[in-house]
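For reference, the structure is listed below as structure tokens.
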Amino acid sequence: MIKTSNEKVKQLYDYVQERCLWQFFSRAWDREANIKNITRMAGEILTGTEPDVKTPMDKQFFADAKWMVADLKQRFDWIAAEPPESIVRLMSELKDELLDLAVTHSTNSELNWSFY
Amino acid sequence: MPLVLLDCDKVIPEREKHVYLKVDGEDTRDYLPLANVATIPGTLSERGCSFCGAKLVIGGVLKDTIQMIHGPIGCAYNTWHTKRYPSDGDNFQLKYVMSTDMKESNIVFGGDKRLYASIIEAFDEMPHIKRMIVYTTCPTALIGDDIKAVVKKVMAERPDVDIFTVECPGFAGVSQSKGHHVLNIGWVNDKVGQVEPKITSKYTMNFIGDYNIQGDTYLLQKYWDRLGIQVIAHFTGNATYDDCRSMHRAQVSVVNCARSAGYIANELMKRYGIPRLDIDSWGFNYMAEGIRKVCTFFGIEKKGEELIAEETAKWKPKLDWYKERLRGKKMAIWTGGPRLWHWTKSVEDDLGIEVVAMSSKFGHQEDFEKIIARGRSGTYYLDDANELEFFEILEKVKPDVIFTGPRVGDLVKKLHIPYINGHGYHNGPYMGFEGFVNLARDFYNATSNPLLKLAATDIREPEPKEKLEAAE
Ligand code: SF4
């Protein structure tokens with residue numbers, strides 16, 4: 001179960017559960033990369049910082065982050081009024097919750113197989 | 001309420017670990033059904049064999065490739081013509097399948113020579129075809145036929161042909177999923193990187209995990225064409241063998257079916273640095289999101305928005321017409337695995353339909369993580385379910401329609417519940433904007449058709465009174 005009592009993080013988390021395939025890639029390493037980078041870039045977009053998109057992988061993270069942000073803005077009116085430091089905190093908490101679900105405490109027995 | 005022991009499973013209580021009923025506040029850290037493990041003795045599984053996963057799902061879709069099945073004739077027949085994936089190549093892949101038709105003496109004395117002769121005969125009979133996949137099956141794997149050696153000999157003698165081998169007999173894994181895996185990894189090891197594609201656009205991608213079921217690939221290809229994106233390879237809908245040898249040149253792998261083909265997307269990422277972008281191409285809203293992400297990747301968002309606006313104007317009114325009429329209907333999905341997570345939320349959001357039970361034949365726990373994250377509370381989630389479990393679940397959830405294959409479909413028809421072919425579709429394609437309207441129409445037709453209800457009505461005249469008295 002989600003650990004935070006912060007209602008806003010819960011809303012963001014529920015959104016990701018419903019929509020985002022990137023949290024559940026095949027293995028721990030790619031889940032972790034997705035969750036960390038996409039939540040980071042989403043935070044940057046929301047606080048008006050241009051994410052640094054250099055590599056092909058960055059482009060993938062950016063594509064996922066950008067449309068997550070668009071959806072979040074549409075669903076949650078409060079986001080627009082949130083100050084930047086709060087956005088950073090919310091995204092960091094969201095990242096921790098997602099990592100806990102999809103990596104650290106995932107009961108998927110294939111998550112750490114090195115072979116497919 | 002966590003995992004559920006159904007009444008019919010009292011004699012095989014191990015099945016409890018495969019049946020889950022979601023309740024509010026729980027997630028997959030608490031309960032995650034067992035999946036991709038061996039079928040429990042005593043339960044009649046509806047899974048396919050591992051060879052089938054390689055041939056019927058992925059390899060057999062290629063439009064210019066002879067499918068040579070090294071085994072008894074039944075292995076070929078069982079995996080031929082049962083999936084509707086057309087191609088623009090004269091439907092070669094639907095018309096033909098080759099078998100070495102192994103008989104007892106070949107099993108006793110070895111089948112290498114028979115395989116060699118069959119390969120030569122097939123190429124001679126079809127001189128315009130220069131590509132082939134050779135599959136082992138249970139008997140030829142057990143007797144140790146060296147299909148790679150035979151293929152090497154043929155390729156040395158005939159430099160104009162290219163042959164791929166899939167060594168995945170039916171018993172190689174617990175379900176058809178193993179066949180997907182073996183073909184994916186074998187292909188990236190043996191074939192990717194051998195052909196240089198002609199690059200015609202600044203934007204190139206692979207589209208992975210779409211098999212052109214009733215024209216899905218054709219429909220999506222129209223979108224990519226309008227966006228000016230070159231698809232280097234579809235893996236494997238309407239694709240050629242050589243398209244798929246050039247996958248290393250794409251800038252991104254866009255993945256629809258992560259179960260059957262996530263492996264190759266990951267390998268392309270690890271070996272060639274090609275990022276993997278997973279999308280849902282079933283569902284109106286999802287398709288728009290997928291197009292937006294692809295367009296953002298290439299920096300062509302304006303084009304994407306134009307396409308989405310045009311398609312929405314054309315198809316959304318039709319979709320909404322069905323939504324009005326389908327709202328609140330209940331649906332069960334009993335398919336392979338990924339369609340459960342692709343469909344459960346999209347039918348809810350786009351059509352107002354509630355998915356009340358889902359069963360996966362070959363999904364892994366990764367699929368159940370996605371399914372349970374997206375699925376409703378109060379819905380049943382089953383892995384590798386059997387017939388009796390289906391009956392018991394149907395009694396509990398009473399769906400209006402079931403999306404499943406023809407075998408289970410015929411079974412549920414006898415209960416007078418309509419079914420829609422969830423694998424090969426009734427009247428597809430189902431992907432994309434137009435496709436989801438097709439799905440809605442099939443759903444509407446299935447649930448509005450009075451035939452099944454009428455079939456359940458006993459229309460015999462009551463026995464005349466005199467006759468009943470005489471019988472007493
Ligand atoms: S289980 Fe073995 S023998 Fe049966 S169809 Fe599959 S490969 Fe052929």
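By convention in this document, chain letters (A, B, ...) are assigned in the order of the sequence lines, proteins followed by strands, and residues within each chain are numbered from 1.
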What's the shortest heavy-atom distance between [X] and [Y], and which atoms?
{"X": "T28(B)", "Y": "L101(A)", "value": "OG1-CD1, 3.9 Å"}
{"X": "L21(A)", "Y": "D280(B)", "value": "CD1-OD2, 3.5 Å"}
{"X": "F297(B)", "Y": "A63(A)", "value": "N-CB, 4.1 Å"}
{"X": "G273(B)", "Y": "P56(A)", "value": "O-CB, 4.2 Å"}
{"X": "L277(B)", "Y": "D64(A)", "value": "CD1-OD2, 3.7 Å"}

Less than 4.5 Å apart, side chain to side chain, heavy atoms only: is that true for [X] and [Y]?
{"X": "E289(B)", "Y": "D71(A)", "result": "yes"}
{"X": "R29(B)", "Y": "T104(A)", "result": "no"}
{"X": "D278(B)", "Y": "F24(A)", "result": "no"}
{"X": "D30(A)", "Y": "K270(B)", "result": "no"}

Proximity breakdown for F61(A) and chain B, heavy-atom pairs closer than 4.5 Å: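 Neither part; nothing is under 4.5 Å.
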
Contacting region of S109(A) [heavy-atom separation from chain B under 4.5 Å]: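 Answer is both: backbone and side chain atoms of S109(A) are under 4.5 Å from chain B.
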
Gap separating the [atom1] atom of [X] from the [atom2] atom of [Y], nearest 0.5 angstrom:
{"X": "M57(A)", "Y": "M269(B)", "atom1": "CE", "atom2": "CE", "answer": "5.0 Å"}
{"X": "E301(B)", "Y": "K66(A)", "atom1": "CD", "atom2": "NZ", "answer": "3.5 Å"}
{"X": "C20(A)", "Y": "R374(B)", "atom1": "SG", "atom2": "CZ", "answer": "8.0 Å"}
{"X": "D349(B)", "Y": "R19(A)", "atom1": "CG", "atom2": "CZ", "answer": "6.5 Å"}
{"X": "E18(A)", "Y": "T344(B)", "atom1": "CD", "atom2": "OG1", "answer": "10.5 Å"}

Residue-level interface, residues 364-371 of chain B with chain A, non-hydrogen cut-off under 4.5 Å: H364(B), Q365(B), E366(B), E369(B), K370(B)

How about [atom1] on [X], more than 12 heavy atoms from neighbouring residues, nucleotides or ligands closer than 6.0 Å, or not?
{"X": "K202(B)", "atom1": "NZ", "value": "no"}
{"X": "K17(B)", "atom1": "NZ", "value": "no"}
{"X": "K316(B)", "atom1": "NZ", "value": "no"}

Partner chain B: residue of D100(A), L111(A), D14(A) with the largest heavy-atom pair count (under 4.5 Å):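 Highest number of heavy-atom pairs under 4.5 Å: D100(A).
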
Which region of [X], side chain (C-beta onward) or backbone (N, CA, C, O), has a non-hydrogen atom less than 4.5 Å from a non-hydrogen atom of chain A, or is it both or neither?
{"X": "K293(B)", "value": "both"}
{"X": "I279(B)", "value": "backbone"}
{"X": "N184(B)", "value": "neither"}

Residues forming a ring-ring contact (aromatic ring centres under 6.0 Å, His included) with Y223(B), sequence neighbours excluded: F433(B)

Side chains of N34(A) and R276(B), donor plus acceptor under 3.5 Å: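 On atom types as modelled, these side chains do not qualify, holding no pair under 3.5 Å.
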
Verdict with supporting geometry, F25(A) and V255(B), side-chain contact (heavy atoms from CB on, under 4.5 Å): CA-CA 11 Å; F25(A) 269 26; V255(B) 179; over 6 Å; no

